[in-house]
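Since the structure comes first, as structure tokens, the remarks are kept for the end.
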Amino acid sequence: MWKNVGRSAFWFGSGSMLFVSSSFSRDVNFSPIKILCHFGVVTLVLAFFKDSIPQSCNRQNTEQVRSFQFTEEDVLWVGRAVLPIANSLISMSRVIFSGDPSMTLKVFPVLLFGAKYGHLFTVWRLLATGFFGCFTLPRLYSCYSSHIHEKVEGLNARILNAWKSCPRKKLVAAAAVTTFWNLVSVKTRVMAAFVSAVALRYHYQYGRSSRNSEGVIQRQEQQQAMVLED
């Protein structure tokens, strides 16, 4: 949030220099397999030099290293550390893939975008995007949030007014759907049909619940009015 300008400027400048300098390097290419191979090379080199030391200098340490084994306590400690994270991931996945229409409408576009353009998001690009986003987006949102909300509300109002003033809504909607259906591929048609089905279920489910709640509130108001009259 740039509350401490000096510290934020230092970290932002250091990170920017790191990412910009690494972008000009052709050798920097993050990959899990590459990282594991580099780690294995370093470990192999260190083990070779350690084994090259005369046995008389450090015989006890080598015997301790060679006799090292995992125990049940180590496995239990790892299990205690991993189980909360695994349970939280499982609960989150159950919420995301629960089949609820509102959650489906939120997650489905993100998954489609990731399936289409996921090859472009490497680990290095994700780190750079997260770094610059953490230093810019919260501050910009705090400064211009009211202005953004006003613009969005004004745009929504204009769209709704234009749609309400349109005399032939069904014809325009049918023409738009027909044009979209003829221009896109079969896969996009299937995805659009699925999204339409989810939207219809969402409208039916939450629209009916909102109408029921409104009816309950009206009955309570009528009962209160009758009690006051009595």
Checklist entry - At what distance, to the nearest 0.5 angstrom, does CG of L140 lie from CZ of F135? => result 13.5 Å

Next on the checklist: Restricting to side chain to side chain contact (heavy atoms under 4.5 Å, CB included), what partner residues turn up for S185, sequence neighbours left out?
Outcome noted: K187, T188

Item to check | From L89, L83, N87, residue fulfilling side-chain contact (heavy atoms from CB on, under 4.5 Å) relative to I85 | outcome: L89

Checklist entry - Within a reach of under 6.0 Å around CZ of F108, are more than 12 heavy atoms found that belong to other residues, nucleotides or ligands? => result yes

Checklist entry - Say you draw a straight line from CG of L137 to OG of S142; how long is it, rounded to the nearest 0.5 Å? => result 10.5 Å

Checklist outcome for this item: What one should report as the nearest heavy-atom pair of P138 and G133 is CD-O, 3.2 Å

Checklist outcome for this item: Note: M103 and I96 closest approach over all heavy atoms is CG-O, 3.5 Å

Checklist entry - Parallel, tilted or perpendicular: which fits the ring planes of H149 and Y141, with parallel below 30° and perpendicular above 60°? => result perpendicular

Next on the checklist: Grouping I, L, V, M, F, W and Y whenever their side-chain heavy atoms are under 4.5 Å apart, do L112 and V198 come out in a common cluster?
Outcome noted: yes

Checklist entry - Would the number of heavy atoms belonging to other residues, nucleotides or ligands and lying under 6.0 Å from CG of L155 be above 12? => result yes

Checklist entry - Atom CZ of R189 and atom CG of L183: how far apart are they, to the nearest 0.5 Å? => result 9.0 Å

Item to check | Hydrophobic cluster identity match, I90 and V95, side-chain contacts under 4.5 Å | outcome: no

Checklist entry - Where do A192 and F180 come nearest, in terms of heavy atoms and distance? => result CB-CE2, 3.8 Å

Item to check | Cluster link F132 to L127, ILVMFWY, side chain under 4.5 Å | outcome: yes

Item to check | Close side-chain approach of Y202 to T104, heavy-atom, < 4.5 Å | outcome: no

Next on the checklist: Just by distance, no angles: are the side chains of D100 and S98 close enough, under 3.5 Å, to form a donor-acceptor pair?
Outcome noted: no

Item to check | In one Ile/Leu/Val/Met/Phe/Trp/Tyr side-chain cluster, 4.5 Å: M92, L111 | outcome: yes

Item to check | Shared hydrophobic cluster, F194 / L105 (ILVMFWY, side-chain heavy atoms < 4.5 Å) | outcome: yes

Checklist entry - Can you name the closest pair of heavy atoms from G99 and R201 and give their distance? => result O-NH1, 3.3 Å

